[in-house]
Amino acid sequence: MTGPDLLDPVRAAHDLIGWTLLVDGVGGPIVEAEAYHETDPASHSFGGERVRNAAMFGPPGRFYVYRSYGIHWCLNIVCGPPGEGAGVLIRAIEPVAGVEVMRRRRGLDDARLLSAGPGRVGQALAVGPELSGTVADLRPPDRRRRVVAAPRIGISKAVDHPWRFLDPDSPYVSRRLPRRPVTSPP
DNA sequence: AGTATGATTGCCT
DNA sequence: GGCAATCATACTG
């Protein structure tokens with residue numbers, strides 16, 4: 001087996017934390033990801049295959065790229081089996097490979113802002129629609145990481161599913177965890 | 001720290 | 001016409 005288990009998108013979003021994602025040699029370990037699938041009202045694949053989401057119904061391990069808010073290009077890894085319409089949104093990576101290229105593309109110095117968020121990942125890795133349907137370059141983790149689940153961000157439907165996964169120890173996530181439980185004992 | 005707003009484009013009702 | 005898997009900026013406290 002040369003890649004992560006991509007059959008179930010929720011498991012895949014969890015297991016992809018720590019895997020290094022590269023686009024033309026630029027990238028780093030995934031530290032935040034979200035699962036989406038066809039029976040999920042928040043998913044672009046909800047309601048079946050169309051022209052724009054076709055890549056999501058292709059074979060697992062490839063990219064699905066979409067335009068967000070008319071401005072950003074965001075990157076997903078398709079999960080399978082083929083035809084399922086499932087995927088994992090890459091929400092944040094740690095800038096490790098090609099950091100200077102990422103800085104130039106982002107017009108920023110601060111490493112924490114280079115790729116913390118799906119739109120920022122898209123800009124840092126020069127993601128465009130032509131990437132949709134191509135095979136993702138994934139490399140195995142070089143160390144173990146903690147992984148925690150949290151609600152997904154930026155959606156208005158199916159908001160309660162804890163299908164966002166992140167490394168709570170990484171400073172390169174788009175949003176850190178809530179510091180304390182909402183209610184605490186006296 | 002939290003909250004608000006504009007940018008921008010394609011798909012949907 | 002409304003809305004979106006977002007971000008940067010400009011406020012307020």
Side-chain angles (χ1 to χ4, degrees), chain A residues 6 8-14 16-17 21 23 27 30-58 60 62-80 84-95 102-133 136 148-167 171-182 184:
Chain A
L6 299 178
D8 169 43
V10 175
R11 165 164 287 277
H14 173 280
L16 278 168
I17 301 300
L21 173 67
V23 174
I30 298 165
V31 290
E32 184 180 352
E34 286 177 356
Y36 291 88
H37 65 88
E38 193 181 359
T39 60
D40 163 18
S43 175
H44 291 172
S45 57
F46 185 71
E49 180 173 352
R50 291 170 219 169
V51 175
R52 123 160 174 225
N53 62 16
M56 246 185 128
F57 290 84
R62 302 186 179 227
F63 289 125
Y64 159 59
V65 174
Y66 72 94
R67 185 94 125 144
S68 178
Y69 290 89
I71 300 171
H72 307 100
W73 294 103
C74 298
L75 198 58
N76 291 256
I77 294 173
V78 175
C79 294
E84 285 270 309
V88 169
L89 171 66
I90 306 303
R91 287 196 55 92
I93 67 172
E94 289 192 356
M102 295 171 71
R103 278 193 227 273
R104 191 162 65 242
R105 288 169 177 167
R106 295 272 301 122
L108 285 172
D109 283 341
D110 189 349
R112 295 189 182 219
L113 296 178
L114 289 181
S115 50
R120 291 162 171 168
V121 169
Q123 189 178 22
L125 302 193
V127 170
E130 70 284 346
L131 218 56
S132 237
V148 299
R152 296 178 292 182
I153 290 175
I155 55 173
S156 56
K157 299 166 195 166
V159 295
D160 290 330
H161 299 292
W163 290 343
R164 167 184 175 237
F165 298 90
L166 60 125
D167 174 356
Y172 299 100
V173 296
S174 68
R175 287 195 205 172
R176 299 274 222 153
L177 286 183
R179 351 185 11 97
R180 290 279 167 197
V182 180
S184 60

Quiz prompt | Inter-residue atom distance A/N76.CG - A/L131.CG, 0.5 Å rounding | solution =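 The CG atom of A/N76 sits 11.5 Å away from the CG atom of A/L131.
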Exercise. Let me have DNA chain C in dot-bracket notation, would you? Count Watson-Crick plus G-U wobble pairs, both distances under 3.5 Å, and use [ ] for pairs crossing earlier ones and | for inter-strand partners.
Key: ||||.|||||||.
Practice problem: Let me know, please, whether A/R52 or A/L113 comes out on the 5' side of the other along DNA chain C by nearest nucleotide. | Solution: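 Checking each residue's closest nucleotide, the 5'-ward one belongs to A/R52.
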Exercise. Tell me whether the centres of the aromatic rings in A/Y36 and A/H44 are closer together than 6.0 Å.
Key: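 Centroid distance A/Y36-A/H44: not below 6.0 Å, so no.
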Practice problem: Kindly state whether the ring of A/W163 and the ring of A/H37 have centres lying under 6.0 angstrom apart. | Solution: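 Centroid separation for A/W163 and A/H37: below 6.0 Å.
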For [X] and [N], what is the distance between atoms [atom1] and [atom2] respectively, to the nearest whole Å?
{"X": "A/N53", "N": "C/dA5", "atom1": "CG", "atom2": "P", "answer": "12 Å"}
{"X": "A/N76", "N": "C/dA5", "atom1": "CG", "atom2": "P", "answer": "11 Å"}
{"X": "A/R106", "N": "C/dT6", "atom1": "CZ", "atom2": "P", "answer": "14 Å"}
{"X": "A/E34", "N": "C/dA5", "atom1": "CD", "atom2": "C1'", "answer": "6 Å"}
{"X": "A/Q123", "N": "B/dA7", "atom1": "CD", "atom2": "C1'", "answer": "14 Å"}
{"X": "A/Y69", "N": "B/dC12", "atom1": "OH", "atom2": "P", "answer": "17 Å"}
{"X": "A/F46", "N": "B/dC11", "atom1": "CZ", "atom2": "C1'", "answer": "16 Å"}
{"X": "A/R176", "N": "B/dA1", "atom1": "CZ", "atom2": "C1'", "answer": "15 Å"}

Quick one: which of [options] gets closest to the side chain of [X]?
{"X": "A/R120", "options": "B/dA7, C/dC7, C/dA5", "value": "C/dC7"}
{"X": "A/R50", "options": "B/dC12, C/dA8, C/dA4", "value": "B/dC12"}
{"X": "A/H44", "options": "C/dA5, C/dC7, B/dT8", "value": "C/dA5"}
{"X": "A/I155", "options": "C/dT6, C/dC7, C/dA5", "value": "C/dA5"}
{"X": "A/R67", "options": "B/dT9, B/dT8, B/dC11", "value": "B/dT9"}

Quiz prompt | Sugar-phosphate, base or nothing in reach of A/G70, heavy atoms under 4.0 Å | solution =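 Base, at least one base atom sits under 4.0 Å.
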Practice problem: Determine the contact category for A/R152: base if any of its heavy atoms lies under 4.0 Å from a base atom, sugar-phosphate if only primed atoms, P, OP1 or OP2 are that close, otherwise nothing. | Solution: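 No contact at all - A/R152 keeps every heavy atom at 4.0 Å or more from the nucleic acid.
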Quiz prompt | Donor-acceptor side-chain pairing of A/R105 and A/Q123 below 3.5 angstrom | solution =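 The answer is no; no qualifying pair exists.
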Quiz item: Are A/S174 and A/E32 close enough that a side-chain donor and a side-chain acceptor fall under 3.5 Å?
Solution: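 Side-chain D/A pair, A/S174 to A/E32: present.
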Quiz item: Does A/Y66 lie flat on the base of C/dA5, that is, centres under 5.5 Å apart and planes under 30° off?
Solution: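 So no, this residue does not stack on that base, at least one cut-off failing.
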Quiz item: If the P atom of C/dA5 is compared with that of B/dT13, how far apart are they to the nearest Å?
Solution: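 Per the computed distance, 14 Å lies between those P atoms.
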Quiz item: Just wondering, more than 12 heavy atoms not from A/R67 lying within 6.0 Å of its CZ?
Solution: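 Count over threshold, so yes.
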Quiz item: Ion pair present between A/R152 and A/D40, side-chain N to carboxylate O less than 4.0 angstrom?
Solution: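 Yes, A/R152 and A/D40 are salt-bridged.
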Quiz item: Testing A/C79, A/S132, A/S45 for side-chain contact (heavy atoms from CB on, under 4.5 Å) with A/Y64, which one passes?
Solution: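 Going through the options one by one, the only one that passes is A/S132.
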Self-check item: N or O in side chain of A/S156 less than 4.0 angstrom from C/dA4 OP1/OP2
Solution: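 Yes.
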